[in-house]
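Report on the following structure.
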Amino acid sequence: MLLTRPAMAWKSVTHSGDRTAMLNGFLYPLIMLSCLSSFLGTLFGYGIGFENIYYVIIKTGVLFATLFLSYHLLAFIVSKFTTAYMKAEYDRLLTDHLAGYSMVVILLLEICLGLFPNFRIIGWILQFYTVKIVWDGAAVLMRVPEERRLSYVIPVSLSVIFVPVAVGSLMSMLSANFG
């Protein structure tokens with residue numbers, strides 16, 4: 001529903017007051033599906049062999065660490081930015097929900113690109129739909145006033161898009177010695 005009707009989806013998120021429900025019922029399953037699709041896509045792409053299995057496992061581990069760390073870093077960034085920008089203490093649960101649910105496009109693209117890596121350019125374009133999801137989340141979930149919403153949405157959206165890229169680059173550099 002976040003993809004088709006984000007405003008309505010954010011309204012239902014405001015009624016769920018549990019962080020673990022978001023993590024266990026939404027974020028972690030999508031991270032696992034991303035890892036599974038990457039595992040299968042890489043395995044079928046490189047074939048089955050000892051060296052290939054080793055590479056597939058390393059690549060899947062890097063993706064898991066990237067997505068897991070990206071969420072937690074993103075939740076921290078959104079929380080600190082929201083508090084500084086709105087000049088008030090915000091509920092950490094709301095900022096965690098905004099960060100986690102806003103990653104939906106990135107996670108679904110990872111699932112698709114794991115199986116079909118040749119569509120990476122289309123994925124780069126589609127990830128900017130995150131701006132629309134954050135726009136509606138800022139209005140409904142965070143209650144950012146209309147006149148301040150654009151200046152709130154742009155840094156948060158860019159964080160949602162580029163934090164996984166930065167963490168993924170770092171994880172790839174750190175794992176280069178394993179391959």
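Just so it is clear, the model here is predicted, and its values are computed rather than measured.
- At distances below 3.5 Å, at least one donor-acceptor pair connects side-chain atoms of Trp10 with backbone N or O atoms of Ile133.
- Ring pair His72/Phe68: centre-to-centre distance below 6.0 Å.
- Under a 3.5 Å cut-off, the side chain of Ser12 and the backbone N or O of Ala9 do form a donor-acceptor pair.
- To the nearest 0.5 Å, atoms CE (Met1) and NZ (Lys11) are separated by 9.5 Å.
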What verdict does the side-chain contact (heavy atoms from CB on, under 4.5 Å) test give for Leu27 and Leu107, after you've listed the backbone C-alpha separation in whole Å, the side-chain angles of each residue and the deciding distance to 0.1 Å? CA-CA 9 Å; Leu27 190 68; Leu107 292 168; 3.5 Å; yes
Is there a side-chain contact (heavy atoms from CB on, under 4.5 Å) between Tyr28 and Ile31 once you walk through the steps? CA-CA 5 Å; Tyr28 293 158; Ile31 289 175; 4.2 Å; yes
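- By the 4.5 Å heavy-atom criterion applied to side chains, Leu170 and Leu69 are not counted as neighbours.
- Between Tyr101 and Phe26, the two ring planes are tilted [angle within 30° to 60°].
- Looking at Tyr71 and Asp96, their side chains come closer than 4.5 Å, going by heavy atoms from C-beta outward.
- Looking at Val156 and Ser102, their side chains never come closer than 4.5 Å, going by heavy atoms from C-beta outward.
- Tyr152 places no side-chain N or O within 3.5 Å of a backbone atom of Ala138 that could act as its donor or acceptor partner.
- Annotation: salt bridge (Lys or Arg N to Asp or Glu O under 4.0 Å) contacts of Glu147 (sequence neighbours excluded): none.
- Interatomic distance, OG1 of Thr42 versus CD1 of Ile57, reported as 11.5 Å (0.5 Å rounding).
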Between Thr66 and Ser70, is a side-chain contact (heavy atoms from CB on, under 4.5 Å) present by the stated rule, with each step listed? CA-CA 6 Å; Thr66 296; Ser70 293; 4.0 Å; yes
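- The CG atom of Leu98 sits 11.0 Å away from atom CZ of Phe81, with the distance rounded to the nearest 0.5 Å.
- The shortest non-hydrogen separation linking Gly100 to Met22 is CA-SD, 4.0 Å.
- Checking side-chain atoms of Ser38 against main-chain N and O of Ser34 turns up no donor-acceptor pair under 3.5 Å.
- Between the side chain of Ser151 and the backbone N or O of Arg148, at least one donor-acceptor pair lies under 3.5 Å.
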